Student: 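Below you'll find the structure I mean.
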Amino acid sequence: MKTVEKIMLCFLAAIFLASAGTLAWYTLRAYTAQSHMEALAARKAGETTKDLKTRKDTIKGTYKDLWKENEDLIGWIEIKGTHIDYPVMQSKEAPEFYLTHDFKKEREAAGTPFMDASSDISLPTQNWLLYGHNMRSGIMFHDLLKYADKDFYEAHKTLRFDTIHPGQGHEYEIMAAFYTSVDAPSFRYFEYAGMVTKDDYETYVENVKELSEYETNATAQYGEQLLTLSTCSYHVPGRNGRFVVVAKQVKNTAKEGFGYHGTTNDFYIKLCEEERLIRFEKGLYYVPRQTVFGLSVLNPAKVIEKKYVRSGENVFGYYSGLFFMNQIGLSNQTPNVIEIFTNHESAKVRDVNVGSQKIRLRKARTEITKDNVAVLRFLELMNTIEPDAVDGTTRQRLINYINESGIRRADISMYAPVFPDRAMRAMIESEVIYSVAQ
């Protein structure tokens, strides 16, 4: 018996030592990451340091040495009473690079705060969206959750965000703090990162104020620069929870960095005339890149996808009809009209144009998410397909789609009721249903 007890004690001791070792390792990593950030903060130059002129922009003297080391640096965020005193990065080519990398571009679990690729400090986007990890060690954007407490807000109503450009260092007033999730059924804050229109601005302000944990008595008017800070929260199952703080610039001098003092609309016109900005359609502009063939042209397919189908990992729509059949090899016809079911359409059916491409938008039969999009798309296909037209080749391609998408009979049973009976009949008559796993 004593031998068994000794073995158990040794086993438990081993578990304890392993756990303690893991905890010590994580603590050391967090300490190292924070120390690196503090070292970067110490390298910021004084306000009187001479600015750096580049081919495209002027870099504020305070940040020029850091910018020379990593040109992805676009600003600095600081909130009194928290650990938040960090550089802010942005990589347009790899938007989530700094989710897992430090300022030196080395792998780091804590990452580095970064700006959404749709936001732009060099163009008049009305909302700058910043992301940062919620590290349990208390670093990065963990302290952002302190704003869930109104008492903390009352003592810390403002924050500071500087961009690397002169004239763009400002105090921001907190106007909302709220919990949400990436698969929220209606308003999704991250879809407004690059907003420029008055309608989008007012919709955003209205929604964040409504979601706020408490009333701040602060609001914003179109033309006042907004700053949105986002971090993970664990108030919902999985990793989909978010905590968000929205602030407005105390003084609207966002255009000073460009040496321009006209209206927002005049500012757009000026940038378009200089070909720094190109108008794609009403309310939608893009930054062109110089290529060997001249200035780049925005691909309508990318606009369609981001507006109606998905943005990053967030899925809110799907292609149907001939376009989808073409994607999975059931047809080689190219449709003149692309059909899309989307959460972003309230009308039962509506035709719109994106560039030269005609789109037929349809209201989603049920809320579309990344978890159910495959089965909804499949049921939509079965709702339109003729069972008699399902030959051996077609059946095999449908089966391949089912298997590759991981569709199971439980998924079919859950969502079939929102479709016409025709969808289930087609599955049975074509015998495709018998290939769906239990």
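Just the heavy atoms: all of them, side chains too, but no hydrogens, waters or symmetry mates, feed the values below. Computed from a predicted model, the values in this text were never measured in an experiment.
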Student: A quick test of your reading: do over 12 heavy atoms of other residues, nucleotides or ligands sit less than 6.0 Å from CD of Glu154?
Tutor: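 Yes.
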Student: Is Asp102 salt-bridged to Arg107, cutoff N-O under 4.0 Å?
Tutor: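 Salt bridge between Asp102 and Arg107, a charged N being under 4.0 Å from a carboxylate O: no.
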Student: Does the gap between the ring centers of Phe324 and Tyr319 come in under 6.0 Å?
Tutor: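 Distance test on ring centres: not under 6.0 Å, no.
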Student: Taking side chain as C-beta onward, heavy atoms only, is Pro335 less than 4.5 Å from Met325?
Tutor: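 When only atoms from C-beta onward are counted, Met325 and Pro335 do not touch, as no gap falls below 4.5 Å.
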Student: Are any side-chain N or O atoms of Thr197 and backbone N or O atoms of Asp200, one a donor and one an acceptor, separated by less than 3.5 Å?
Tutor: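 Pair found, side chain donor or acceptor close to backbone of Asp200.
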Student: Does the pair Ile359 and Val337 meet the rule for a side-chain contact (heavy atoms from CB on, under 4.5 Å), with working shown?
Tutor: CA-CA 5 Å; Ile359 309 295; Val337 180; 5.9 Å; no
Student: Tell me whether Glu69 is salt-bridged to Arg43, with the criterion being a basic N under 4.0 Å from an acidic carboxylate O.
Tutor: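 A salt bridge is present here (some side-chain N lies under 4.0 Å from a carboxylate O).
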Student: Can you find a heavy atom in the side chain of Gln225 that is under 4.5 Å from one in the side chain of Lys248?
Tutor: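 A side-chain contact is absent here, since even the closest heavy-atom pair is not under 4.5 Å.
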Student: Do NZ/NE/NH1/NH2 and the carboxylate oxygens of Arg360 and Asp351 come within less than 4.0 Å?
Tutor: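 Salt bridge between Arg360 and Asp351, a charged N being under 4.0 Å from a carboxylate O: yes.
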Student: Report yes if the side chains of Arg365 and Glu380 come closer than 4.5 Å at any heavy-atom pair, otherwise no.
Tutor: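 In short, these two side chains touch, coming nearer than 4.5 Å.
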Student: Can you find a heavy atom in the side chain of Tyr172 that is under 4.5 Å from one in the side chain of Val250?
Tutor: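 No. Closest side-chain heavy atoms not under 4.5 Å.
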Student: Please determine whether side-chain contact (heavy atoms from CB on, under 4.5 Å) holds for the pair Val309 and Val315, giving the CA-CA distance in whole Å, both sets of side-chain angles, and the decisive distance to 0.1 Å.
Tutor: CA-CA 6 Å; Val309 179; Val315 177; 5.6 Å; no
Student: Of all the heavy-atom pairs spanning Ser91 and Phe97, show the shortest one and how long it is.
Tutor: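 In terms of heavy atoms, the two residues are closest at CB-CB, 4.5 Å.
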Student: Could you go through the salt bridge (charged side-chain N to carboxylate O under 4.0 Å, His left out) check for Lys92 and Asp120 one step at a time?
Tutor: CA-CA 10 Å; Lys92 292 293 185 76; Asp120 200 314; 3.0 Å; yes
Student: Can you tell me how far NZ of Lys64 sits from CG of Leu66, rounded to the nearest 0.5 angstrom?
Tutor: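 Reported value, rounded in 0.5 Å steps: 12.0 Å.
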Student: Has Thr384 got a side-chain atom pairing as donor or acceptor with Leu381's backbone, closer than 3.5 angstrom?
Tutor: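 Side chain of Thr384 to backbone of Leu381: a pair is present.
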Student: Looking at Leu144, Asp143, Asp85, which one forms a side-chain contact (heavy atoms from CB on, under 4.5 Å) with Ile79?
Tutor: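 Of all the options given, the one that passes is Leu144.
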Student: With rounding to the nearest 0.5 angstrom, report the CZ to CG distance, Phe114 to Leu73.
Tutor: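 Going from the CZ atom of Phe114 to the CG atom of Leu73 covers 15.0 Å.
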Student: Quick test of your reading of the model: are Glu339 and Arg362 salt-bridged, counting only N-O distances below 4.0 Å?
Tutor: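 A salt bridge is present here (some side-chain N lies under 4.0 Å from a carboxylate O).
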Student: Would Lys80 and Glu78 pass as an ion pair if we require N to O under 4.0 Å?
Tutor: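 The answer is yes: the pair qualifies as a salt bridge.
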Student: Which value, rounded to the nearest 0.5 Å, describes the distance between Met175 atom CE and Ser212 atom OG?
Tutor: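 Met175 atom CE to Ser212 atom OG measures 9.0 Å (nearest 0.5 Å).
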Student: State, without any angle test, whether Gln34 and Tyr86 hold a side-chain donor-acceptor pair at a distance under 3.5 Å.
Tutor: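 Yes - a donor-acceptor pair under 3.5 Å links their side chains.
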Student: Would you say that Asn207 contacts Glu202 through its side chain, given a criterion of any heavy-atom pair below 4.5 Å between the two side chains?
Tutor: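 When only atoms from C-beta onward are counted, Glu202 and Asn207 do not touch, as no gap falls below 4.5 Å.
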Student: Are side-chain heavy atoms of Pro113 and Tyr98 found at a separation under 4.5 Å?
Tutor: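 Pro113 does not reach Tyr98 side chain to side chain.
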Student: Hey, is Asp72 close enough to Lys105 for a salt bridge, meaning N to O under 4.0 Å?
Tutor: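 Lys105 and Asp72: salt-bridged.
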Student: Go through the side-chain N and O atoms of Ser181 and Asp183 and say whether any donor and acceptor fall under 3.5 Å apart.
Tutor: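 Yes, a side-chain donor-acceptor pair sits under 3.5 Å.
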Student: Go through the steps to decide whether Thr228 and Leu130 satisfy the test side-chain contact (heavy atoms from CB on, under 4.5 Å), and finish with yes or no.
Tutor: CA-CA 6 Å; Thr228 300; Leu130 311 186; over 6 Å; no
Student: So which of Thr163, Asp162, Thr49 actually passes side-chain hydrogen bond (donor to acceptor under 3.5 Å, both in side chains) with Tyr63?
Tutor: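 That would be Asp162.
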Student: Under 4.5 Å between any side-chain heavy atoms of Thr231 and Leu145, yes or no?
Tutor: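 They are in contact (side-chain heavy atoms under 4.5 Å apart), so the answer is yes.
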Student: Check whether Asp51 reaches the backbone of Thr58 with its side chain - one donor and one acceptor, N or O, closer than 3.5 Å.
Tutor: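 Checked: no pair found.
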Student: If we ignore hydrogens and angles and just use 3.5 Å, is the side chain of Asp411 paired with the main-chain N or O of Arg408 as donor and acceptor?
Tutor: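 Yes; at least one donor-acceptor contact below 3.5 Å.
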Student: Are Glu38 and Lys44 ion-paired here, with the side-chain N under 4.0 Å from a carboxylate O?
Tutor: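 No salt bridge links Glu38 with Lys44.
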Student: Applying the side-chain contact (heavy atoms from CB on, under 4.5 Å) test to Tyr204, which of Met195, Gln126, Glu191 qualifies?
Tutor: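 Checked Met195, Gln126, Glu191 against Tyr204; only one passes side-chain contact (heavy atoms from CB on, under 4.5 Å): Met195.
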Student: Among Trp128, Tyr131, Tyr192, which residue meets the side-chain hydrogen bond (donor to acceptor under 3.5 Å, both in side chains) test with Asp116?
Tutor: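 Filter result, single survivor: Tyr131.
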Student: A quick test of your reading: do over 12 heavy atoms of other residues, nucleotides or ligands sit less than 6.0 Å from CD of Gln221?
Tutor: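 Check fails, neighbour count at 12 or below.
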Student: With rounding to the nearest 0.5 angstrom, report the CZ to CD1 distance, Phe378 to Ile412.
Tutor: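 With rounding to 0.5 Å, CZ (Phe378) is 5.5 Å from CD1 (Ile412).
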Student: Ala423 and Leu379: which non-hydrogen atoms are nearest, and at how many Å?
Tutor: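 Nearest heavy atoms, Ala423 then Leu379: CB-O, 3.8 Å.
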Student: Can you spot which of Phe187, Tyr318, Phe316, Tyr308 makes a ring pair (Phe, Tyr, Trp, His ring centres under 6.0 Å) with His344?
Tutor: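 It is Phe316, the one option of Phe187, Tyr318, Phe316, Tyr308 that forms the ring pair (Phe, Tyr, Trp, His ring centres under 6.0 Å) with His344.
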Student: Nearest 0.5 Å please: distance from the CD atom of Glu305 over to the NZ atom of Lys307.
Tutor: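 Going from the CD atom of Glu305 to the NZ atom of Lys307 covers 13.5 Å.
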Student: Which heavy atom of Cys232 sits nearest to which heavy atom of Asn134, and what is that distance?
Tutor: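 Scanning both residues completely, I find the closest heavy atoms to be O-ND2, 3.0 Å.
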Student: Check the pair Glu215, Lys150 against salt bridge (charged side-chain N to carboxylate O under 4.0 Å, His left out), reporting the backbone distance first and the verdict last.
Tutor: CA-CA 9 Å; Glu215 178 53 57; Lys150 189 174 183 180; over 6 Å; no
Student: For the residue pair Leu129 and Ser119, what are the closest heavy atoms and their distance?
Tutor: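 Taking Leu129 first and Ser119 second, the nearest heavy atoms are N-OG, 3.1 Å.
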Student: At their closest point, which heavy atom of Lys209 faces which heavy atom of Thr216, and how far apart are they?
Tutor: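 Minimum heavy-atom contact is NZ-OG1, 3.0 Å.
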Student: Given Ile74 and Met115, is the side-chain contact (heavy atoms from CB on, under 4.5 Å) satisfied, shown in steps?
Tutor: CA-CA 8 Å; Ile74 55 93; Met115 181 176 282; 3.7 Å; yes
Student: Quick one: are Asn400 and Gln396 in side-chain contact, heavy atoms under 4.5 Å?
Tutor: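 Heavy-atom side-chain distance check passes, below 4.5 Å.
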Student: If you look at every heavy atom in His170 and Gln249, which pair is closest and at what distance?
Tutor: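 So the minimum-distance heavy-atom pair works out to CD2-NE2, 3.4 Å.
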Student: Report yes or no: do Ser230 and Tyr189 form a side-chain donor-acceptor pair below 3.5 Å?
Tutor: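 There is such a pair between these side chains.
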Student: Just verifying a value: how many Å separate Met140 CE and His142 NE2, rounded to the nearest 0.5 Å?
Tutor: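 These two atoms lie 13.0 Å from each other.
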Student: Please tabulate, one pair per line, all N/O donor-acceptor pairs under 3.5 Å involving side-chain atoms of residues 234-246, not counting sequence neighbours.
Tutor:
unit_1	atom_1	unit_2	atom_2	d
His235	ND1	Ser233	OG	2.8
His235	NE2	Thr180	O	3.2
Arg242	NH1	Arg239	O	2.9

